[in-house]
Amino acid sequence: MKTMKNFFYSILLSIITFNLHAQTTLTEVYPNPNDSRVITTGVPFLLIASDARAASMGDMGVATSVDVFSQHWNPSKYAFSESKSGFGVSYTPYLSKLVNDISLGNVTYYNRLSERSAFAVSLKYFSLGEIEIIQDEFSEALIEQPNELTMDVSYSLRLADQFSMGISARYLRSDLKIQAVDETAQAASSFAVDISGYYQGEEQTYGDVDGRWRGGFIIQNLGPKIKYDESGSETFLPTNFKLGAGFDFILDQYNKVSVTAEVAKLLVPTPPIMEYARDYNDVNENGVYDEGVDDYVGQPYINGIYEGQDPDVDFLSGVFQSFSDAPGGFSEELKEFTWALGAEYVYDDSFALRAGFFNESEDKGARKFLALGAGFKFSGTKIDLSYLFSASKVPSPLENTLRFSLTFDFGSNEYTEY
């Protein structure tokens, strides 16, 4: 009997000892290799090309020739408009492969006040469709319609014969919270400004063809962070810098080919690499992780920044910080630039064919697409169409989407610029 007791106690002691060994854990701190440093912002719909002409040339417009929708791309171009005024509407379906009620609409009006100045107003409305909320089997379904919108006003002034600058003021409203779920939910709002410039050279002879240079820049959505609730954190607006240049090959009085290139960068801090704890059971207490012997018990995040700069700064500091805060250094900063190439052929100012390509680093969003489009003009009315083909492994919400714009010019050729 005594022998049996000793044997039992030996077994029990072994189990207890094993459990004690299993409860011995070690914690080491590592940078999380899965941390994503894709820059995210509030109201990202502001970065969507809302008009078909710009969309068909690779989402560019900072240095292209003036049109009604220059308000979104570079309002300083309005000072070079040959028409006295213009009005435009555009419609962009979003996620059309999945739903049919998410879309971006845009309405724009501009007026050239004199030889040197112009103003414009616009409204963008991003509808996320209808959301049906069923509380229980006895209650009637509640319908919510989350949406976002902006209202803009701009003024442009010609500072020289070939150069103008413009400034825009923007009100933003984001109503994404579901009041049926949270009765205290309110729309978030903020304001922002754009600062832009545009150069349009004189027509000159280059070899056998005449031509004209174009160039432009803009800093968009420069303004305070947007806050969605009192207890939540503030989110940066999609402050953006764009720089572009182009050239018009004027083949004859009827035919013109324009090529344009553009680069852009979000002026928003890069997310830092956060540190995390790697906890594991050190069964044999040798101080290292032995595969097949030890096992992980979790990877909890640790508050604090492992590498990079603190992103919790005001919007103005964030602009300057955005050029030097990527944890990967200069090579990562370069990845945060996007670029686009576009071309447009115009016949007799009445028919146009367009093509463009947009590229973004795979580590920063992976947006890559080819776009095609066309435009038709008759009696001061113009219709533009565009279609997008994704060239990325990441599906685009605008893939295989047909966008269209309708514009009306008033007082055509009232001003002579060429």
Side-chain angles (χ1 to χ4, degrees), residues 36 38-51 59 69 71-73 75 89-96 98-108 121-133 142-154 168-194 218-242 264 266-269 271 311-316 318-319 322 365 367 396-398 401 403:
S36 172
V38 175
I39 299 174
T40 58
T41 68
V43 287
F45 83 96
L46 291 178
L47 300 176
I48 302 173
S50 60
D51 67 285
D59 281 16
F69 297 104
Q71 176 86 327
H72 176 81
W73 304 101
V89 294
S90 66
Y91 176 78
T92 300
Y94 203 75
L95 289 172
S96 58
L98 301 178
V99 293
N100 58 8
D101 59 353
I102 298 181
S103 62
L104 173 63
N106 183 7
V107 178
T108 302
V121 293
S122 65
L123 169 69
K124 288 193 192 72
Y125 183 81
F126 186 52
S127 171
L128 279 78
E130 291 187 349
I131 298 177
E132 187 177 278
I133 300 175
L142 301 175
I143 303 298
E144 293 282 349
Q145 295 178 309
N147 62 83
E148 296 179 303
L149 64 85
T150 64
M151 292 183 289
D152 300 12
V153 59
S154 70
S168 304
R170 175 170 302 112
Y171 168 75
L172 309 100
R173 183 178 184 273
S174 180
D175 190 7
L176 301 181
K177 284 202 161 187
I178 308 299
Q179 291 187 346
V181 178
D182 182 3
E183 295 182 355
T184 64
Q186 294 182 346
S189 62
S190 186
F191 65 90
V193 297
D194 296 350
I218 189 170
I219 300 176
Q220 295 176 302
N221 306 311
L222 185 62
K225 299 179 185 179
I226 192 167
K227 191 172 184 179
Y228 286 91
D229 56 65
E230 292 302 320
S231 59
S233 60
E234 296 179 317
T235 306
F236 283 96
L237 298 180
T239 306
N240 203 25
F241 171 71
K242 294 182 179 181
L266 278 172
L267 304 183
V268 176
D312 189 18
V313 295
D314 62 79
F315 76 94
L316 198 55
V319 169
S322 66
R367 289 179 297 165
S396 170
L398 293 168
T401 296
R403 287 180 266 189

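Along the sequence shown, the residues carry numbers beginning at 1.
- For F241, there are no ring-ring contact (aromatic ring centres under 6.0 Å, His included) partners, not counting sequence neighbours.
- Judged purely by distance below 3.5 Å, without hydrogens or angles, the side chains of E148 and S174 pair a donor atom with an acceptor atom.
- Going from atom CG of D194 over to atom CD1 of I218 covers 4.5 Å, rounded to the nearest 0.5 Å.
- T239 is linked by a side-chain hydrogen bond (donor to acceptor under 3.5 Å, both in side chains) to nothing, counting only residues two or more places apart in sequence or in another chain.
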ask   = Could you go step by step and tell me if Q71 and T108 meet the side-chain hydrogen bond (donor to acceptor under 3.5 Å, both in side chains) rule?
value = CA-CA 7 Å; Q71 176 86 327; T108 302; over 6 Å; no

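- Judged as a side-chain hydrogen bond (donor to acceptor under 3.5 Å, both in side chains), and not counting sequence neighbours, N147 has no contacts.
- The minimum heavy-atom distance between S322 and P269, with the atom names listed, is CB-N, 4.3 Å.
- Going from atom CD1 of I219 over to atom CG of N240 covers 10.0 Å, rounded to the nearest 0.5 Å.
- Residues P238 and L266 have side chains in contact (heavy-atom distance under 4.5 Å, counting atoms from C-beta outward).
- When each of V319, L267, V313 is tested with F236 by the rule side-chain contact (heavy atoms from CB on, under 4.5 Å), just one qualifies, namely V313.
- By the side-chain hydrogen bond (donor to acceptor under 3.5 Å, both in side chains) test, T401 pairs with S96, sequence neighbours left out.
- Counting all heavy atoms, side chain and backbone alike, G129 lies closest to P146 at O-CD, 3.7 Å.
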Please output the side-chain donor-acceptor pairs of residues 38-51 that fall under 3.5 Å, not counting sequence neighbours, one pair per line with the distance.
| from | atom 1 | to | atom 2 | distance (Å) |
| --- | --- | --- | --- | --- |
| S50 | OG | N106 | ND2 | 2.9 |
| D51 | OD1 | W73 | NE1 | 2.8 |
| D51 | OD2 | A54 | N | 3.1 |

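- Residues G223 and F315 come closest through the heavy atom pair O-CG, 3.1 Å.
- For D152, the side-chain hydrogen bond (donor to acceptor under 3.5 Å, both in side chains) partners at least two apart in sequence or on another chain are R170.
- Summarising the local packing, OH of Y125 is surrounded by more than 12 heavy atoms from other residues, nucleotides or ligands at distances under 6.0 Å.
- Taking CG of L128 as the start and CD of Q145 as the end, the distance is 11.0 Å to the nearest 0.5 Å.
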I226 and L237: CA distance, side-chain angles, deciding distance, side-chain contact (heavy atoms from CB on, under 4.5 Å) verdict = CA-CA 7 Å; I226 192 167; L237 298 180; 4.1 Å; yes

ask   = Could you go step by step and tell me if K225 and D314 meet the side-chain contact (heavy atoms from CB on, under 4.5 Å) rule?
value = CA-CA 8 Å; K225 299 179 185 179; D314 62 79; 5.7 Å; no

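- Between the OG atom in S154 and the NE2 atom in H72 there is a gap of 13.0 Å [rounded to 0.5 Å].
- Within the 4.5 Å cutoff, the side chain of S103 has no heavy atoms near those of the Y94 side chain.
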task = Assess whether side-chain contact (heavy atoms from CB on, under 4.5 Å) is satisfied between F126 and L149, documenting all intermediate values.
result = CA-CA 6 Å; F126 186 52; L149 64 85; over 6 Å; no

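- Here the side chain of Q220 pairs no donor or acceptor atom with the backbone of K242 at under 3.5 angstrom.
- For the pair L398/T92, a side-chain contact is recorded, criterion being any heavy-atom separation below 4.5 Å from C-beta on.
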